[in-house]
Amino acid sequence: MAPRKSASKTEARERARKAAAEAMAREQRLLELGEEFFLAQGEAEQIMDTAEQRITEIRAKAELEAAQSKEAQARVVVAMKGERVAVSDIAQRLELSAAAVRALLKDNTGEDSVTSQDADSADVATPDDNKLKRETVDA
């Protein structure tokens, strides 16, 4: 005996409902997975933005500290020059080139008063040097 039309129609409807329910459940899972993906993507972008900001802050701090160290180097070179040490001697003592010493002197004074001729001849006495009085310190 063949099944009745109403029974097969009911069975077909149940199969269609089951398939639709599975499709809707799958669609819901895909929506949730997509949401999870976009949340993770936003978190990754936020992490990178925060890292870039921190890198910028660290770089600015490092540049400031490096500039302060460069100023300290220049003060040492100026102090050595103040002791009437020739640029070439300063360069040798500090393992720098004479040009680097001159650059430090120039950067610190803001003047171009040190040239290669007078810088290397700083230890030669001039008539004005003979007029300088020396002070003695009692120990």
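The figures that follow rest on heavy atoms only: side chains count, while hydrogens, waters and symmetry mates do not. For reference, positions follow the sequence shown, starting with 1.
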Lys/Arg-Asp/Glu bridge criterion (N-O < 4.0 Å) met for Arg29, Glu32: no
Side-chain heavy-atom pair Lys61, Glu57 within 4.5 angstrom cut-off: no
Separation between OG of Ser8 and CD of Glu11, rounded to the nearest 0.5 Å: 7.5 Å
Nearest-0.5 Å distance, OG1 of residue Thr10 to CD of residue Glu14: 7.5 Å
Side chain proximity check, Met80 to Val101, heavy atoms < 4.5 angstrom: no
Nearest-0.5 Å distance, CZ of residue Arg59 to CD of residue Glu52: 8.5 Å
Point-to-point distance, once rounded to the nearest 0.5 Å, from CD1 of Ile90 to CZ of Arg102: 10.5 Å
Gln46, CD atom: more than 12 neighbouring heavy atoms under 6.0 Å: no
Ile55 CD1 to Met48 CE distance, which is reported to the nearest 0.5 Å: 7.0 Å
Heavy-atom side-chain contact between Val77 and Gln73 under 4.5 Å: no
Which atom of Leu105 lies closest to which atom of Lys81, heavy atoms considered: CD2-CB, 3.9 Å
Min side-chain heavy-atom separation Asp49-Gln53 under 4.5 Å: no
Inter-residue atom distance Leu31.CG - Gln28.CD, 0.5 Å rounding: 5.5 Å
Closest non-hydrogen atom pair, Leu104 against Ala74: O-CB, 3.8 Å
